[in-house]
Amino acid sequence: MSDARTTDRLAIGELFARYAFSILDRDWAAWRGCFTPNGTADYTTAGGVAGTADEAAAWLEPTLSMFDVTVSQVGNAVITFTSDDTADVRSMYKMVMRIPGDQPVYLEGCGWYADRVERTASGWLIAHRFEHLLYVR
């Protein structure tokens, strides 16, 4: 593997970390910044929307507002470069969410993402994200 591919893989991994931290921080501008200007997201398997990053953020923000904690982990990424500037990525995620109260309620969601990422002037960004929710418990 070339040094350039290693650098690309690290940058894509950091992109996914920024995505997870933006949800934890509820920083929707940073979350949108993980997507290309024409980026899309499909959260329909979780009961959400499929649309632009702005439309997805408009669904995520009020949906996640019922939780006082939303910790997301993304890993086990398999990256397949389709050109010098594009790649398909499959990764697993787990999110733990807490509904506050005298006896907090915890939910755990787990699944995988199927992404297309693109190299841009701002670095690697998500062009399309499809979330496949496996379970919530």
Side-chain angles (χ1 to χ4, degrees):
M1 182 180 319
S2 72
D3 289 346
R5 279 291 183 242
T6 300
T7 300
D8 288 340
R9 288 177 186 281
L10 290 170
I12 292 167
E14 186 167 321
L15 166 64
F16 289 174
R18 284 196 324 269
Y19 176 94
F21 274 106
S22 69
I23 292 175
L24 173 72
D25 298 336
R26 299 172 193 268
D27 185 343
W28 301 109
W31 185 89
R32 284 182 193 91
C34 293
F35 288 83
T36 63
N38 298 336
T40 60
D42 184 338
Y43 296 108
T44 54
T45 66
V49 300
T52 66
D54 286 339
E55 291 166 335
W59 172 74
L60 279 171
E61 186 173 0
T63 300
L64 295 180
S65 70
M66 73 177 82
F67 305 105
D68 67 341
V69 172
T70 51
V71 178
S72 181
Q73 300 168 329
V74 181
N76 296 338
V78 176
I79 302 169
T80 303
F81 291 95
T82 54
S83 77
D84 287 342
D85 297 324
T86 59
D88 293 328
V89 185
R90 188 172 184 209
S91 60
M92 295 180 187
Y93 74 87
K94 179 172 26 174
M95 180 181 275
V96 177
M97 301 154 285
R98 181 177 70 193
I99 300 172
D102 292 338
Q103 294 187 332
V105 175
Y106 290 87
L107 298 173
E108 175 187 83
C110 187
W112 75 82
Y113 296 123
D115 296 313
R116 187 178 62 256
V117 296
E118 296 177 359
R119 184 194 318 269
T120 71
S122 302
W124 285 94
L125 297 174
I126 301 167
H128 178 70
R129 167 157 279 187
F130 175 78
E131 176 191 47
H132 185 95
L133 178 66
L134 290 174
Y135 70 82
V136 175
R137 62 178 174 169

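When a residue number appears, it is its place in the shown sequence, counting from 1.
Environment of CD in Glu14: sparse, with no more than 12 heavy atoms of neighbouring residues, nucleotides or ligands closer than 6.0 Å. The number of heavy atoms from other shown groups lying within 6.0 Å of CZ (Phe130) is above 12.
Using a distance-only test at 3.5 Å, with no hydrogens or angles considered, no donor-acceptor pair links the side chain of Ser72 to the main chain of Ala20. Within the 3.5 Å criterion, the main-chain N or O of Thr44 finds a donor-acceptor partner in the side chain of Asp42.
Val74 and Trp112 fall into different hydrophobic clusters, defined by Ile, Leu, Val, Met, Phe, Trp and Tyr side-chain heavy atoms under 4.5 Å apart, directly or through other members. Note on Val71 and Leu133: separate hydrophobic clusters, where clusters join Ile, Leu, Val, Met, Phe, Trp and Tyr whose side-chain heavy atoms are under 4.5 Å apart, directly or indirectly. By the rule that hydrophobic residues join a cluster once side-chain heavy atoms approach within less than 4.5 Å of another member, Ile99 and Met95 end up as members of one cluster. Residues Tyr93 and Leu24 do not share a hydrophobic cluster, clusters being chains of Ile/Leu/Val/Met/Phe/Trp/Tyr side chains in contact below 4.5 Å. The hydrophobic cluster containing Met97 also contains Met66, counting ILVMFWY residues as joined when their side-chain heavy atoms lie under 4.5 angstrom apart, directly or transitively.
For Trp31, the side chain to side chain contact (heavy atoms under 4.5 Å, CB included) test picks out Tyr19, Ser22, Ile23, Trp28, Phe35, Tyr43, Ala53, Ala56, Ala57, Leu60, with sequence neighbours left out. Judged as a side-chain hydrogen bond (donor to acceptor under 3.5 Å, both in side chains), and not counting sequence neighbours, Arg90 has no contacts. For Thr82, the side-chain hydrogen bond (donor to acceptor under 3.5 Å, both in side chains) criterion is met by Thr86, not counting sequence neighbours. For Thr63, the side chain to side chain contact (heavy atoms under 4.5 Å, CB included) criterion is met by Trp59, not counting sequence neighbours. In this view, Pro104 and Arg98, Tyr106 satisfy the side chain to side chain contact (heavy atoms under 4.5 Å, CB included) rule, not counting sequence neighbours.
Between the SG atom of Cys110 and the OH atom of Tyr135 there is a distance of 4.0 Å, given to the nearest 0.5 Å. Expressed to the nearest 0.5 Å, how far CE of Met92 lies from CD of Gln73 amounts to 13.0 Å. Atom CG of Leu15 sits about 12.5 Å away from atom CG of Leu10, to the nearest 0.5 Å. Atom NZ of Lys94 and atom CG of Leu134 lie 12.5 Å apart (nearest 0.5 Å). Between the CZ atom of Arg137 and the CG atom of Leu107 there is a distance of 11.0 Å, given to the nearest 0.5 Å. Between atom CD1 of residue Ile126 and atom CD1 of residue Ile12 there is a gap of 10.5 Å, rounded to the nearest 0.5 Å.
Considering all non-hydrogen atoms of both residues, Ala127 and Thr36 come closest at CA-OG1, 3.7 Å. When all heavy atoms of Glu131 and Ala46 are compared, the pair lying nearest together is OE1-CB, 3.3 Å. In plain terms, the two heavy atoms of Ala87 and Ile79 that are nearest each other are CB-CG2, 3.9 Å.
Side chains of Asp54 and Thr52: no donor on one and acceptor on the other come within 3.5 Å.
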| Residue pair Val105, Phe67: steps toward the side-chain contact (heavy atoms from CB on, under 4.5 Å) verdict | CA-CA 9 Å; Val105 175; Phe67 305 105; over 6 Å; no
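Residues Arg9 and Phe81 meet the side-chain proximity criterion, which asks for heavy atoms closer than 4.5 Å.
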Which side-chain N or O atoms in residues 118-125 pair as donor and acceptor under 3.5 Å with protein atoms at least two apart or in another chain?
from	atom 1	to	atom 2	distance (Å)
Arg119	NE	Asp84	O	3.4
Arg119	NE	Asp85	OD1	2.7
Arg119	NH1	Asp8	OD1	3.0
Arg119	NH2	Asp8	OD2	3.1
Arg119	NH2	Asp84	O	2.6
Thr120	OG1	Ser122	N	3.0
Thr120	OG1	Gly123	N	3.3
Thr120	OG1	Gly123	O	2.7
Trp124	NE1	Asp8	OD1	3.2

